Amino acid sequence: MKAKTSKKVLMSGNEAMAEAAIKANCFFYAGYPITPQNEIPSYMAKRMHDEGRVFIQAESEIAAINMVFGASACGVRVLTSSSSPGVSLKQEGISYMAGAELPAVIINVMRGGPGLGNIASAQSDYFQSTRGGGHGDYFTPCFAPYSPEEAARLVMLGFDLADFYRTPVLVLADAIIGQMMEAVEFPKESGFTKKLPPKTWALTGKSGRTANIVKSFFLKEGGLEVHNEHLRKKWQKIKENEQRSDTHKTNDAKYLIIAYGSEARIALEAIDILRAKKVKVGLFRPISLWPYPEKNLKTISKKIRKVFVVEQSLGQMVEDVHLSIPEKEIHFLGKTGGGIPKAHEIAKFIEKHAK
Amino acid sequence: MPNKTRPASLKNISTHYCSGCGHGILHRLVAEVIDEMKLSEKTIGVAPVGCAVVAYDYWDFDVCEAAHGRALAVATGIKRCRPQNVVFTYQGDGDLVSIGLAETFHTANRGENLTCIFINNACYGMTGGQMAPTTLVGQPTATTPWGRNPKSGEGWPVKLSEILATLSGVAFAVRSTISSPREVIKTREYIKKAFSNQIENKGFSIIEVLSPCPTIWQKSPINAMKWIDEEMVKTFPLGVIKDK
């Protein structure tokens with residue numbers, strides 16, 4: 001898809017993601033208030049009205065995801081956003097959408113959990129986001145931005161990818177990315193180059209064709225197995241084609257930090273601290289959390305002696321690192337419940353283990 | 001066998017419904033009205049979770065699935081994106097009044113311009129006859145083996161249509177049954193009126209239909225119809241509740 005060129009604008013990550021959805025021709029938004037993502041529905045309420053599109057403040061996150069289900073079934077581009085407890089409520093709907101092969105972008109601006117947790121930044125929904133999240137055999141492509149500008153780009157990418165593969169796509173931001181303000185320049189294109197298929201399956205009334213049915217229910221014996229095998233091929237294709245990652249100062253690195261989202265931003269400062277002390281450390285930053293960028297990680301880590309995984313959680317992404325490069329020495333630094341591993345703490349941790 | 005009187009919007013195949021079940025009649029009434037109003041190319045139905053979950057196998061127009069209780073949220077999404085289409089949900093009492101009550105109430109309160117066909121059989125049919133919000137006082141079910149008893153904390157039958165009628169967004173609320181040819185014809189007229197309301201942008205319409213479930217009620221099809229006329233209507237009186 002193509003969007004208009006724009007100059008740099010000072011925006012929060014939440015506003016940038018909302019504007020990106022507008023630029024990506026999102027026609028329908030439904031959401032429910034929850035901190036720290038409230039700037040998204042507020043922004044969408046105004047902009048969707050200006051653009052003559054649909055904004056609904058739903059009665060719950062459950063209603064919002066099901067409204068999005070219905071709108072997506074009509075073939076328009078749809079968005080919902082929430083934060084951790086609200087995204088838990090949406091999981092049933094996301095599972096239905098994965099089963100019914102309905103495209104959507106779902107933004108989760110993560111906060112602390114479990115339970116009501118708190119409203120501070122956290123990365124503790126990694127498992128939920130990368131392992132399906134709801135009931136049944138499915139995955140959702142999941143992208144984690146580390147700046148407001150990248151958040152905007154990933155939302156645009158998410159819409160294209162959702163339409164191409166007919167799947168819900170998660171954009172997994174954290175409270176820091178959602179709330180921080182930075183200069184944002186919206187990209188002209190999402191970076192997705194494959195041609196999007198026409199939505200011949202959409203419900204528009206059966207004028208000039210046979211009736212369409214949107215469903216995830218396959219009661220007849222063997223029916224669901226056939227459907228899920230079809231889905232398996234799709235997940236495999238996504239795994240093969242949609243791994244995304246970034247690196248920083250890895251050319252000469254002997255030590256590798258692996259972090260995503262706001263924690264990757266913090267890791268950049270830790271690298272400066274360590275490099276000043278002649279510690280050769282670099283960053284591997286997964287952008288797609290599912291599919292996990294294991295191919296690039298395998299390549300990058302060939303000359304790496306030790307790996308340091310840093311997360312705002314008790315240790316979730318670290319499991320994918322173990323699965324990707326099991327032969328490596330892997331150390332984990334994580335803080336939880338609003339705790340954020342800071343640059344000097346990361347540097348100290350690496351110095352201790354790098355000896 | 002081809003049947004000349006079968007509405008085109010109803011496929012010529014056998015349904016999975018039990019003998020004496022109301023869904024057969026109601027599927028047909030919906031199809032007849034759609035044909036009569038020439039809406040088959042404009043209609044988008046939303047099927048529930050419950051016995052009518054595969055209604056899309058029987059109707060010949062576009063139909064969307066919905067998670068249990070969420071049909072009206074799904075229908076809201078559809079109608080807001082496709083205001084030129086006629087959108088309706090077809091839901092049972094557990095779906096509409098129990099698990100989906102929030103969606104039901106708020107869709108009605110927003111005055112969404114769509115139609116809700118509410119099949120009230122006073123029980124959960126598909127899962128084996130558990131207590132529904134509409135189960136009558138004293139009615140035995142799988143989960144109220146001695147009969148629904150409000151004094152045991154099992155609550156009273158919920159009169160949803162009367163509750164929704166109090167909301168400004170509701171244009172039309174009516175309760176009917178299909179216990180006799182006369183009532184079937186009335187129900188057909190109500191469905192037609194609700195679709196007309198939608199075409200005229202009047203807002204939310206609900207048609208509650210008291211419908212037999214002989215299997216769960218453990219009655220013959222004829223006695224199930226009698227039970228509607230003699231017992232159900234005492235709790236759920238028939239007639240137009242609101243016509244704005």
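Each chain gets a letter, A, B and so on, in the order the sequences are listed, and its residues count up from 1. These values consider heavy atoms only, across backbone and side chains, with no hydrogens, waters or symmetry-generated copies. Being a predicted model, the structure only gives us computed values, none of them experimental.
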If you compare all heavy atoms of [X] against all heavy atoms of [Y], which two are closest, and at what distance to 0.1 Å?
X	Y	result
B:Cys81	A:Phe28	SG-CD1, 3.6 Å
B:Glu41	A:Ser207	OE1-OG, 3.5 Å
A:Leu203	B:Ile44	O-CD1, 3.6 Å
A:Glu59	B:Ala102	OE2-O, 3.7 Å

Exercise. Do B:Arg70 and A:Ile65 have side-chain heavy atoms sitting under 4.5 Å apart?
Worked result: no
Exercise. Do B:Glu103 and A:Ile62 come close enough that some side-chain heavy atom pair is under 4.5 Å?
Worked result: yes
Problem set entry | Salt bridge flag under 4.0 Å for residues A:Arg209 and B:Asp62 | yes
Problem set entry | Selection from B:Val86, B:Leu72, B:Asp57, B:Ile78 maximising heavy-atom pairs under 4.5 Å formed with chain A |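 Between B:Val86, B:Leu72, B:Asp57, B:Ile78, the count favours B:Ile78.
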Exercise. Most heavy-atom pairs under 4.5 angstrom with chain A, which of B:Gly69, B:Ala67, B:Ala75, B:Ala71?
Worked result: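 Highest number of pairs under 4.5 Å: B:Ala67.
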Problem set entry | Over 12 foreign heavy atoms within 6.0 Å of NZ, B:Lys244 | yes
Proximity breakdown for [X] and chain A, heavy-atom pairs closer than 4.5 Å:
X	value
B:Asp60	both
B:His16	neither
B:Arg80	both
B:Val53	side chain

Sort out for me which of [options] touches chain B most, counting heavy-atom pairs under 4.5 Å.
options	result
A:Thr204, A:Val54, A:Val214	A:Thr204
A:Phe27, A:Tyr96, A:Phe69	A:Tyr96
A:Thr210, A:Ile56, A:Leu219, A:Val68	A:Ile56
A:Cys74, A:Ser72, A:Ser95	A:Cys74

For this session: Might you work through the side-chain contact (heavy atoms from CB on, under 4.5 Å) test for B:Val54 and A:Lys215, ending with a clear yes or no?
Result: CA-CA 10 Å; B:Val54 293; A:Lys215 61 164 189 163; over 6 Å; no
Problem set entry | B:Glu65 side chain to A:Ala100 backbone, donor-acceptor under 3.5 Å |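 Pair absent, no side-chain N/O of B:Glu65 close to backbone of A:Ala100.
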